Amino acid sequence: MKIHWQGDRLTVAEGDITRFEGDAIVNAANRSLQGGGGVDGAIHRAAGPELLEACRELRRTTWPDGLPVGEVAMTPGFKLPARHVIHTVGPVFAKSEDRSELLADCYRNALHLAAEHRFERLAFPAISTGIYGYPAAAAASIVAAVMRERLPALPGLAVTLVFFSARDADGFLKSASL
Ligand code: ADP
């Protein structure tokens, strides 16, 4: 499934993000940057062990206490078809607290880093909507708002939102009202 919004600036796709060919994919990592389950595990498996070594180096040099929620850090993509991985840490969903700005920060900071590096093709997974429990519909509204706000100012960048199933992609489109 491929749905385009604003020409080819934003694509909603179903598939495995580890197969994305472009300048970078975003990883829904955890603070430790040591790999994990879900999309993080899939990215580490596909990239090979050098990715874990690069993440360990980031911990040693830049983020000794781990990557804060909403922040981004970049490594090469190693064996991935994507040239780079932008690691970010989404918020764990909590009913007691509005963490939408933290989720928006993941997307904004990744877009900003990609633009700084003059990247042309960037893909995101649905950050925080798996193990971290963010309701997909709420996440969709946040992501759509960030894209609507930021993409017009980043004319060189095409973004793909990759959903693991057609149902997830469809759910996003229904909730996002792009
Ligand atoms: P988080 O811990 O941020 O919630 P998860 O990895 O648990 O991250 O899930 C984030 C989203 O990524 C989920 O919607 C999940 O279905 C999806 N996902 C898992 N594996 C892949 C993959 N290989 N490609 C694209 N999306 C994936």
Side-chain angles (χ1 to χ4, degrees), residues 1-3 10-49 51-52 55 58 63 66-75 77-111 113-114 121-144 146-147 158-176:
M1 176 196 309
K2 282 227 157 107
I3 281 141
L10 184 69
T11 302
V12 175
E14 172 207 344
D16 178 354
I17 198 165
T18 66
R19 305 186 51 189
F20 180 81
E21 292 175 18
D23 297 292
I25 59 173
V26 175
N27 181 17
N30 56 56
R31 294 203 55 175
S32 79
L33 295 180
Q34 303 293 293
V39 73
D40 192 10
I43 289 171
H44 275 271
R45 277 193 299 279
L51 182 59
L52 185 56
C55 287
L58 275 175
W63 301 105
L67 187 64
V69 175
E71 269 290 347
V72 290
M74 192 158 72
T75 64
F78 300 105
K79 293 200 179 79
L80 290 167
R83 282 185 284 282
H84 302 88
V85 179
I86 297 177
H87 306 266
T88 190
V89 183
V92 174
F93 179 72
K95 273 189 186 150
S96 55
E97 191 184 49
D98 179 5
R99 296 185 175 162
S100 54
E101 277 304 304
L102 290 169
L103 186 56
D105 280 347
C106 294
Y107 286 86
R108 288 187 198 116
N109 288 330
L111 287 174
L113 189 64
R121 281 166 50 72
L122 174 69
F124 286 93
I127 300 166
S128 284
T129 65
I131 298 156
Y132 283 3
Y134 223 97
S141 310
I142 294 161
V143 175
V146 170
M147 295 304 156
V159 170
T160 303
L161 304 177
V162 180
F163 294 89
F164 213 25
S165 68
R167 205 172 147 210
D168 290 349
D170 205 44
F172 173 84
L173 289 166
K174 287 204 172 83
S175 308

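Counting starts at 1 for both ligands and their atoms, following the listed order. What's counted below: heavy atoms across the whole structure, side chains too, no hydrogens, waters or symmetry copies. Being a predicted model, the structure only gives us computed values, none of them experimental.
Q34 contributes a side-chain N or O that, together with a main-chain N or O of S32, makes up a donor-acceptor pair within less than 3.5 Å. At distances below 3.5 Å, at least one donor-acceptor pair connects side-chain atoms of R99 with backbone N or O atoms of V92. Looking at T160, its side chain never comes within 3.5 Å of a backbone N or O of V162 through a donor-acceptor pair.
Checking T75 against H84 by side-chain atom types alone, no donor-acceptor pair falls below 3.5 Å.
Short contacts between ligand 1 and S128, defined as distances under 4.0 Å to a heavy atom of the residue, involve ligand atoms 1 (P), 3 (O), 4 (O). When each atom of ligand 1 is checked for a heavy atom of G15 under 4.0 Å away, the hits are 24 (N), 25 (C). Below 4.0 Å from some heavy atom of D16 lie the following atoms of ligand 1, by number and element: 22 (C), 23 (N), 24 (N). The ligand atoms of ligand 1 that sit less than 4.0 angstrom from a heavy atom of G38 are 6 (O).
Closest protein heavy atom to atom 22 (C) of ligand 1: F164 CE1, 3.3 Å. The single protein non-hydrogen atom nearest to atom 12 (O) of ligand 1 is V39 CB, 4.0 Å, given as residue, atom name and distance. What sits closest to atom 14 (O) of ligand 1 on the protein, heavy atoms only, is T129 OG1, 2.9 Å. Looking at atom 7 (O) of ligand 1, its nearest protein heavy atom turns out to be I131 N, 2.8 Å. Ranking protein heavy atoms by distance to atom 11 (C) of ligand 1, first place goes to A126 O, 3.3 Å.
Of the options G133, G130, S165, the smallest heavy-atom separation from atom 9 (O) of ligand 1 is shown by G130. Counting heavy atoms only, I17 comes closest to atom 24 (N) of ligand 1 of the residues V162, I17, I43.
Residue F163 has no N or O atom closer than 3.5 Å to an N or O atom of ligand 1. Residue A42 places no N or O, backbone or side chain, under 3.5 Å from any N or O of ligand 1. On a distance-only criterion, A28 and ligand 1 share no N/O pair closer than 3.5 Å. Polar contact check, Y132 against ligand 1: a nitrogen or oxygen pair lies under 3.5 Å apart.
Under the 4.0 Å criterion applied to side-chain N and carboxylate O atoms, D23 and R121 are not assigned as salt-bridge partners. Using a 4.0 Å cut-off between charged side-chain N and carboxylate O, R108 and D105 make a salt bridge.
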Could you list the donor-acceptor pairs under 3.5 angstrom formed by side chains in residues 39-46, with sequence neighbours left out?
| residue | atom | partner | partner atom | Å |
| --- | --- | --- | --- | --- |
| D40 | OD1 | N27 | ND2 | 2.8 |
| D40 | OD2 | G36 | N | 3.3 |

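Around atom CZ of R31, more than 12 heavy atoms belonging to other residues, nucleotides or ligands sit under 6.0 Å away.
The side chain to side chain donor-acceptor pair (under 3.5 Å) contacts involving residues 127-141 comprise nothing, where partners must be two or more places apart or lie in separate chains.
Within the 4.5 Å cutoff, the side chain of L33 has heavy atoms near those of the L58 side chain.
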